Amino acid sequence: MFYSLLAPLAGVLFTFCFAPWSFGAVALVPLALLFALWQWPARQKPLRDAWLFGFAHFGSGLYWVYISLFYFGGAPLPFAIVANVLLVLYLALFPLLVAWLLRRLSAPGSWRRTLLIPLLWTGGEIARAYLFTGFPWLAAGYSALHTPLDGLAPIGGVFLLTFVLTLIASLLARAVVLRRGKPLALAAALYAVASTSSLLQFTTPKDEPFSVALVQGNIEQSTKFDPAVMERNLQDYIALAIAREESVVILPETAFTFMEELMTRDLAQLDAYFKSRGQTLVTGIPAGEAKKQLFFNAIVTLGEGSGHYYKHHLLPFGEYVPLRDWLTIFDKYVEIPYSNFARGDAKQPPLLTGKHRAGASICYEAAFGRDMRQALPEADYLINISNDAWFKDSIAADQHLQMNQMRSRELGREMARATNDGITVLLDARGRIKARIPRFVREVLAGEIQPYQGLTPYARFGNALLFVLLALYALGLWAGKRCARG
């Protein structure tokens, strides 16, 4: 009975290694605990342990999904809970698949199993990040942010961190299970060598810093798209924006809830106002053509700047419904405004904000470094606009911020992140918070952004370097098996 509790305990403990708790320095402990169960010759129930770990981890880390469906989507509570549980069960399939492959490809207690674990685990996370447009939430590498290992992020991205973290954890597990000193020494050496990556610098400051203001309107999500208050909310945001003197003023995702084509006059007036003051206004707005039922989740730049950005990586079941003709039950129970957005191009030019160009992203896109790198090398800094009010005061906003921090670390660019009710922050080029304001208040965060130039290896090559590394690693394991047989 005791051993059957170790896997779910490890899963819950692993959740605490992510934001908002961020005990990333001890993330090796729950991972090593699971991997020890997989390598322990005397107690082999890898499928059970994998499923219990996955269900406990994703269940405790993603419990908040039901909130948007129930509180703001109008779904019955049982439907929202079932949808949440189905997502957790789907995500738990990935560690289950890893365990199944381990059982087929290696023997417990063997070096082959020890070395297969990080390869298969990382492969599972990559598959999760691409399959059905991807859902890479709680990828293991995020737990290593702001630890000595996070210097690997600008080299190979978050999944390189996953690979190195799980390799070290697997070696530690082998050392404990078999009571051997060699794997422990290898784990310590790998950690030390990987930690030296934090000394590397791939991007450098460019020009002088410029002032920015991030407006947090704290609009209640349940009334945001209510026709009775939309005009008042619009005027509140405009009033907060025009009162600022910073070079760039940034409003959150869909701060303007009216379609762009319905705001031609207002936008023209704002454009003239900010241009006369030498300022730039950046705001989220629905764009497209209502007659054609073509809608985009967009960013528009006004004043001393130019450019539109149309969100490319949409949130499934939030901004569009996959296989809508087959999943009519979702439309029957859930009503989310603008849940039929079209997808913008994968490669779009950066926004021009005064003298500097910004790589833009909207909300969920922060989970995908492969998308955000498309704006480089032209982009001098990053802008992310978001609205985490969909998930109330849950841990979702903290996890979302952590992903934005990882994007800054991977790409070597500072970020200005404006959200509706938090977390509104300014990040430096290593993903550290320079300034922030409290959640659930109407406030403006004023500060400076330092433009950067240059490319990190990850910004230049994306996941290609990691794929090459994993292929060579897999080839080495295959060659080692061939030599052992020969």
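The shown structure was predicted, so the numbers you read here are calculated from the model rather than taken from an experiment. Any value given below was found using the heavy atoms of this structure, including those in side chains, with hydrogens, waters and symmetry copies removed. Note that the numbering runs from 1 along the sequence shown for the chain.
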Looking at G61 and I395, what are the two nearest heavy atoms and their distance? O-CD1, 3.9 Å
Is the shortest side-chain heavy-atom distance between F256 and L251 below 4.5 Å? yes
Member of H400, R439, Q399, Q221 meeting the side-chain hydrogen bond (donor to acceptor under 3.5 Å, both in side chains) criterion with D388: H400
Rounded to the nearest 0.5 Å, what separation is found between the NZ atom of K392 and the CZ atom of F440? 8.5 Å
Stepwise side-chain contact (heavy atoms from CB on, under 4.5 Å) check, F368 with T133: CA-CA 10 Å; F368 301 92; T133 78; 5.9 Å; no
F467 side chain near F461 side chain, heavy-atom distance below 4.5 Å: no
So, the side chain of Q348 versus the backbone of Y310: is there a donor-acceptor pair under 3.5 Å, distance only? yes
Any non-hydrogen side-chain atom of L116 less than 4.5 Å from a side-chain atom of L477? yes
dist F14:CZ -> L33:CG (nearest 0.5 Å) comes out at 12.0 Å
Residue list, side-chain hydrogen bond (donor to acceptor under 3.5 Å, both in side chains) with R244, at least two apart or on another chain: E246
Between T15 and S60 the two heavy atoms that sit nearest each other are OG1-OG, 2.7 Å
Would you find a donor on one side and an acceptor on the other, under 3.5 Å apart, between the side chain of T223 and the backbone of D226? no
V158 side chain reached by R407 side chain, heavy atoms, under 4.5 Å: yes
Could you state the interatomic distance from CZ (R174) to CG (L115), rounded to the nearest 0.5 Å? 8.0 Å
Could you go step by step and tell me if F18 and F23 meet the ring-ring contact (aromatic ring centres under 6.0 Å, His included) rule? CA-CA 7 Å; F18 296 83; F23 296 138; over 10 Å; no
Determine whether a donor-acceptor pair (N or O, by modelled atom type, separation under 3.5 Å) exists between the side chain of R128 and the backbone of F135. yes
Between N384 and R417, do the side chains contain a donor N or O and an acceptor N or O under 3.5 Å apart? yes
Determine, for E410 against R373, whether the closest basic-nitrogen to carboxylate-oxygen distance falls under 4.0 angstrom. no
Quick check, are the ring centers of W137 and W64 under 6.0 angstrom apart? yes
Look only at the side chain of Y191 and the backbone of V164, and say whether a donor-acceptor pair between them is shorter than 3.5 Å. no
I want to know whether F94 and W121 have ring centres closer than 6.0 Å. no
Just by distance, with hydrogens left out, do Y142 and D150 show a side-chain donor and acceptor under 3.5 Å apart? no
Do P148 and S198 have side-chain heavy atoms sitting under 4.5 Å apart? no
L455 and F202: CA distance, side-chain angles, deciding distance, side-chain contact (heavy atoms from CB on, under 4.5 Å) verdict: CA-CA 6 Å; L455 285 174; F202 299 102; over 6 Å; no
Trace of the side-chain hydrogen bond (donor to acceptor under 3.5 Å, both in side chains) decision for N297 with Y364: CA-CA 11 Å; N297 192 350; Y364 181 61; over 6 Å; no
Would you check if the side chain of S408 reaches a backbone N or O of A429 as a donor-acceptor pair within less than 3.5 Å? no
Compute the ring centroids of F58 and Y90, then answer whether they are less than 6.0 Å apart. no
Just verifying a value: how many Å separate L152 CG and T196 OG1, rounded to the nearest 0.5 Å? 8.5 Å
For A27 and L165, work out which heavy atoms get closest and say how close. CB-CD2, 4.4 Å
With distance as the sole test, does H313 use its side chain to make a donor-acceptor pair with the main-chain N or O of S361 at under 3.5 Å? no
Expected output: side-chain T257 to main-chain T254 donor-acceptor under 3.5 Å: no
Find out whether Y71 and W390 are in side-chain contact, i.e. whether some heavy atom of one side chain is under 4.5 Å from a heavy atom of the other. no
Considering only NZ, NE, NH1 and NH2 on the basic side and carboxylate oxygens on the acidic side, decide whether D380 and R413 come within less than 4.0 Å. no
Donor-acceptor check, side chain of K434 to backbone of E448, threshold 3.5 angstrom: yes or no? yes
Where do I81 and F70 land on the side-chain contact (heavy atoms from CB on, under 4.5 Å) test, with the steps shown first? CA-CA 8 Å; I81 292 175; F70 174 61; over 6 Å; no
Any luck finding a side-chain donor-acceptor pair between D428 and Y452 under 3.5 Å? no
Can you find a pair of side-chain heavy atoms, one from L161 and one from M406, that are under 4.5 Å apart? yes
CZ-OH distance between R357 and Y381, expressed to the nearest 0.5 angstrom: 11.5 Å
Do E365 and Y309 have a side chain donor and acceptor closer than 3.5 Å? yes
Under the side-chain contact (heavy atoms from CB on, under 4.5 Å) rule, what do I385 and T419 come out as? Steps first, then yes or no, please. CA-CA 6 Å; I385 63 172; T419 70; over 6 Å; no
Shortest non-hydrogen contact from A32 to L172? CB-CB, 4.4 Å
Heavy atoms of A25 and T147 approach each other most closely as N-CG2, 4.1 Å
Please answer whether the main-chain N or O of G344 pairs with a side-chain N or O of H312 as donor and acceptor at a distance below 3.5 Å. yes
Taking S110 for the side chain and S106 for the main chain, is one N or O donor matched with an acceptor at less than 3.5 Å? no
Using distance alone, with no hydrogens and no angle criterion, decide if Q39 and T114 have a side-chain donor and acceptor under 3.5 Å apart. yes
What is the distance from atom CD1 of I117 to atom CG of L101, rounded to the nearest 0.5 Å? 12.0 Å
Side chains of P209 and I449: closer than 4.5 Å at any heavy-atom pair? no
So F16 and W21, would you call those rings parallel, tilted or perpendicular, with 30° and 60° as cut-offs? tilted
Looking at every non-hydrogen atom in both residues, tell me the closest pair between G412 and T203 and how far apart they are. O-OG1, 3.1 Å
Inspect the contact between K45 and D49 and indicate whether a charged nitrogen and a carboxylate oxygen are less than 4.0 angstrom apart. no
Can the ring centroids of F210 and H356 be said to lie less than 6.0 angstrom from one another? yes
Return yes if a side-chain donor-acceptor contact under 3.5 Å exists between Q216 and T424, otherwise no. yes
